[in-house]
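Notes follow once the structure below has been shown.
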There are 2 protein chains.
Amino acid sequence: MNEEKCEIVDIWEVLGRRWSLHILKNLTTHGTVRFNEIKRLIPEISSTVLSDRLLELEREGLISKKIFPQVPIKVEYSLTPQGKELQPILHQLNNWVDKWQSHRIENKFETDNQNVKAYRKAAAR
Amino acid sequence: MNEEKCEIVDIWEVLGRRWSLHILKNLTTHGTVRFNEIKRLIPEISSTVLSDRLLELEREGLISKKIFPQVPIKVEYSLTPQGKELQPILHQLNNWVDKWQSHRIENKFETDNQNVKAYRKAAAR
DNA sequence: TAATCTTAGTAGTAATATAATACTTAGTCA
DNA sequence: TGACTAAGTATTATATTACTACTAAGATTA
């Protein structure tokens, strides 16, 4: 992994990366988890990206890892105090998602997104 | 824009995309905003991506747009009721970011991230 | 009169991020 | 002996995002 590309400018950037919120949400609900446990909880994520995200989150001080030097090795991830302060927020976010997820499916074919092209023509009378 | 690639599976996916949270945060704090206004508020974002994100957020029912067929055209973006329910959550998130942003900078060179490679060697004695 | 500016994007291409797959390590189990 | 384990890494392929330049019709400026 390149060191340069991991110099992330701010926390929004990290949170805005794919899977970050997912990972934090799972750490929030499951407490201490291991690498492959997260992979099982989020089956669509690849090892590569999970590894990157965990390193970024660790660097940002959101999670910490504990390594057990066994064979095979064991690594446990958990939230730091900073990460724990995110828990209530993530909970609320999760509730919000659950609430609207169903609505979204119902309204899927009703939404009438406005498109600028048509209105440009209208303006060009 | 390809229709297929815009079929997004869930809200987490949309929120987890780059700039989404940023855009929502700015809509939360500024109310009704126009396209170039957002670009000014988030100078690093490109037109291409801002356009994509706004469309996705509109499709998910988080924001709505109002088009004024003038020349030059005017488009206003604002939060839907669903989007407005995110406001308190985004506020808390924003506070959390502000709180820890400074810590992060201070601790930047103190963090001692654990790395598995070293421990594998330890285990391999 | 003509060049320039305006807005909310789009088109095309370059750069970057993510995905898929195979591989590593040393010990345990069959 | 060979398969299996966990937590990744390396390599290559694909998808996303960024970076220009461009559009349209009118208003402003020179």
Side-chain angles (χ1 to χ4, degrees), chain A residues 1-9 13-14 16-20 22-23 32-40 42-56 58 63 65-77 113-125, chain B residues 1-9 13-14 16-20 22-23 32-40 42-56 58 63 65-77 113-125:
Chain A
M1 175 183 293
N2 185 332
E3 288 298 318
E4 297 306 319
K5 86 176 182 191
C6 288
E7 280 297 325
I8 286 158
V9 187
E13 186 82 22
V14 176
R17 290 230 155 120
R18 196 166 186 198
W19 303 118
S20 291
H22 248 109
I23 292 167
T32 298
V33 284
R34 302 173 63 178
F35 189 89
N36 282 333
E37 218 173 331
I38 305 177
K39 283 199 70 179
R40 254 172 266 123
I42 314 171
E44 305 95 330
I45 200 171
S46 66
S47 312
T48 324
V49 175
L50 178 53
S51 177
D52 281 5
R53 280 311 88 86
L54 289 170
L55 195 57
E56 287 166 10
E58 191 190 4
I63 65 177
K65 69 207 259 192
K66 189 172 177 190
I67 300 178
F68 300 82
Q70 313 163 345
V71 172
I73 199 168
K74 176 177 166 185
V75 181
E76 286 182 349
Y77 292 90
N113 300 131
Q114 303 212 280
N115 102 313
V116 165
K117 268 190 184 169
Y119 281 82
R120 275 201 212 276
K121 282 185 190 141
R125 277 165 307 193
Chain B
M1 176 182 296
N2 186 331
E3 288 298 319
E4 298 303 323
K5 85 175 180 189
C6 289
E7 282 296 327
I8 287 161
V9 187
E13 185 82 22
V14 176
R17 288 229 158 123
R18 196 171 185 195
W19 304 118
S20 292
H22 247 111
I23 293 167
T32 299
V33 284
R34 301 175 61 180
F35 189 89
N36 281 336
E37 219 172 329
I38 305 177
K39 282 199 70 178
R40 254 173 268 122
I42 314 171
E44 305 93 329
I45 200 170
S46 66
S47 311
T48 325
V49 174
L50 177 54
S51 177
D52 281 4
R53 280 311 89 83
L54 288 169
L55 195 57
E56 286 165 11
E58 192 190 4
I63 65 178
K65 69 208 256 190
K66 189 174 177 191
I67 299 177
F68 300 83
Q70 314 163 344
V71 172
I73 198 168
K74 176 178 165 183
V75 181
E76 286 182 349
Y77 292 90
N113 301 133
Q114 301 210 280
N115 103 313
V116 165
K117 268 188 183 170
Y119 282 82
R120 276 202 211 276
K121 282 185 189 139
R125 274 166 309 193

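Naming: A, B, ... by sequence-line order, numbering from 1 per chain.
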Q) I67(A) CD1 to dG8(D) P: how many Å, rounded? A) 7 Å
Q.
Expressed as a whole number of angstroms, how long is the span from K117(B):NZ to dG8(D):P?
A. 12 Å
Q: Can you tell me the distance, in whole Å, between the CZ atom of F68(B) and the C1' atom of dA25(D)?
A: 19 Å
Q) Separation of R120(A) atom CZ from dA24(D) atom P, in whole Å? A) 10 Å
Q. Among dA25(D), dA8(C), dA20(C), which nucleotide sits nearest the side chain of T48(A)?
A. dA20(C)
**Q.** Atom-to-atom span, CZ of F35(B) to C1' of dA8(C) - whole angstrom
**A.** 6 Å
Q: Take atom OH of Y77(A) and atom C1' of dA6(D), then tell me their distance rounded to the nearest Å.
A: 11 Å
Q) Rounded to whole angstroms, how far apart are CG on L54(B) and P on dT7(C)? A) 16 Å
Q.
What is the separation between atom CD on E56(A) and atom C1' on dG8(D), rounded to the nearest whole Å?
A. 15 Å
Q) Touch check for K65(B), heavy atoms < 4.0 angstrom, all strands: base, sugar-phosphate only, or nothing? A) sugar-phosphate
Q: Report the residue (P72(A) or I45(A)) whose heavy-atom-nearest nucleotide on DNA chain C is the more 5′ of the two.
A: I45(A)
Q. OP1 or OP2 of dA17(C) less than 4.0 angstrom from a side-chain nitrogen or oxygen of W19(A), does that happen here?
A. no
